[in-house]
Amino acid sequence: RAVRLLRVTRLVRLLRIFRVFRFRIVLRAVRGLLVLVVAIARAMGALGWVCFLMAGTTYLCAIVTTEFVGLANDDGDPEIQEWFGDLLRSMFTLMQLSTLDSWGYISRYVGRSHGAHWQLFLLAYVIFTNLIVL
């Protein structure tokens, strides 16, 4: 009986040692995860400034496009009215342009109806906002 109890005790000790090794492996994996979480948390500050700069740029350009394209729509063009009819529509359209969704079509259409300088303005906006996001 004593020998059997000694074997069981050794087995329990081995299981505890294996648990310690398993804990060390999990701890290594968690350390990598903690490093990743800390890095993401530190990057959030820079991301906040990028969002602020993007929102400010979009707001200022939306004021310009609403004033000079949307409100100067004397022909009553429904697409110009949809894209630049008021400030929120202009901001939405500019965000659409900054994601490069139909930016060629919109800028060509606006350039054809309001002059080629608006194509250059929208092109400069697209380039600038894509450089901000980078």
Side-chain angles (χ1 to χ4, degrees):
R1 254 184 169 204
V3 174
R4 190 181 272 175
L5 186 60
L6 187 60
R7 286 183 186 168
V8 169
T9 307
R10 285 182 186 168
L11 185 61
V12 170
R13 284 183 188 167
L14 281 173
L15 287 175
R16 286 183 184 169
I17 290 173
F18 286 133
R19 284 184 185 170
V20 169
F21 286 132
R22 250 191 315 175
F23 179 73
R24 290 183 77 189
I25 291 170
V26 169
L27 188 61
R28 284 183 189 159
V30 171
R31 281 184 189 164
L33 181 62
L34 287 176
V35 168
L36 180 65
V37 168
V38 168
I40 289 173
R42 288 183 182 163
M44 293 304 275
L47 185 63
W49 284 110
V50 167
C51 289
F52 177 75
L53 187 59
M54 185 78 170
T57 303
T58 302
Y59 180 71
L60 291 175
C61 290
I63 290 172
V64 170
T65 55
T66 301
E67 196 66 35
F68 294 110
V69 176
L71 297 179
N73 185 17
D74 297 333
D75 302 335
D77 191 347
E79 284 194 308
I80 296 292
Q81 187 64 31
E82 180 183 343
W83 291 331
F84 303 105
D86 58 12
L87 186 66
L88 290 178
R89 289 180 183 194
S90 292
M91 287 183 74
F92 184 80
T93 302
L94 290 173
M95 283 303 295
Q96 179 182 355
L97 291 175
S98 67
T99 61
L100 302 177
D101 179 34
S102 304
W103 78 273
Y105 175 72
I106 293 172
S107 65
R108 284 188 181 116
Y109 193 89
V110 171
R112 199 171 28 247
S113 63
H114 286 81
H117 58 283
W118 285 106
Q119 276 184 305
L120 294 175
F121 176 81
L122 293 176
L123 177 65
Y125 173 80
V126 167
I127 290 172
F128 183 71
T129 55
N130 278 288
L131 287 177
I132 289 174
V133 173
L134 287 178

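All values below were derived from every heavy atom in this structure, side-chain atoms included, with hydrogens, water molecules and symmetry-related copies excluded. Bear in mind the structure is a predicted one, so any value in this text is a computation, not a measurement.
A 4.5 Å side-chain heavy-atom check between T129 and T99 finds every atom pair outside the cut-off. Y59 places a side-chain heavy atom less than 4.5 Å from the side chain of I63. For the pair L123/W103, a side-chain contact is recorded, criterion being any heavy-atom separation below 4.5 Å from C-beta on. Annotation: side chain of F121 is not in contact with side chain of V110 (no heavy-atom distance under 4.5 Å).
Of all non-hydrogen atoms in S113 and I80, the two that sit nearest each other are OG-CD1, 3.8 Å. Closest non-hydrogen pair, E82 versus R89, comes out as O-CD, 3.5 Å. Shown here for S102 and L97, the closest heavy-atom pair between the two residues is O-CD2, 4.4 Å. Nearest heavy-atom pair across H114 and V69 is NE2-O, 3.5 Å. What you find for M91 and A62 is that their closest heavy atoms are CG-CB, 3.3 Å. Shortest non-hydrogen contact noted between G111 and Q119 is CA-CG, 3.6 Å.
Each of L120, T58, V64 was evaluated against Y125; a single residue qualifies, T58, per the side-chain contact (heavy atoms from CB on, under 4.5 Å) test.
Considering CZ of F84 and CD of E67, their distance stands at 14.0 Å, rounded to 0.5 Å. To the nearest 0.5 Å, atom CG of residue N73 and atom CZ of residue F68 are 15.0 Å apart. To the nearest 0.5 angstrom, T65 atom OG1 is 4.5 Å from L94 atom CG.
No path of Ile, Leu, Val, Met, Phe, Trp and Tyr side chains, each step under 4.5 Å between heavy atoms, connects V38 with M44, placing them in separate hydrophobic clusters. Follow the hydrophobic side-chain contacts under 4.5 Å out from L131 and you reach L100 in the same cluster. Linking ILVMFWY residues whenever their side-chain heavy atoms come closer than 4.5 Å, directly or via other members, places W118 and I127 in the same cluster. In the hydrophobic clustering of this structure, W83 does not group with L60; members are Ile, Leu, Val, Met, Phe, Trp, Tyr whose side-chain heavy atoms approach within less than 4.5 Å, directly or through other members.
Looking only at atom types and distance, the side chain of S90 has a donor-acceptor partner in the side chain of T66 under 3.5 Å away.
In this structure, Y105 and Y109 have tilted ring planes: the angle between them lies in the 30° to 60° band.
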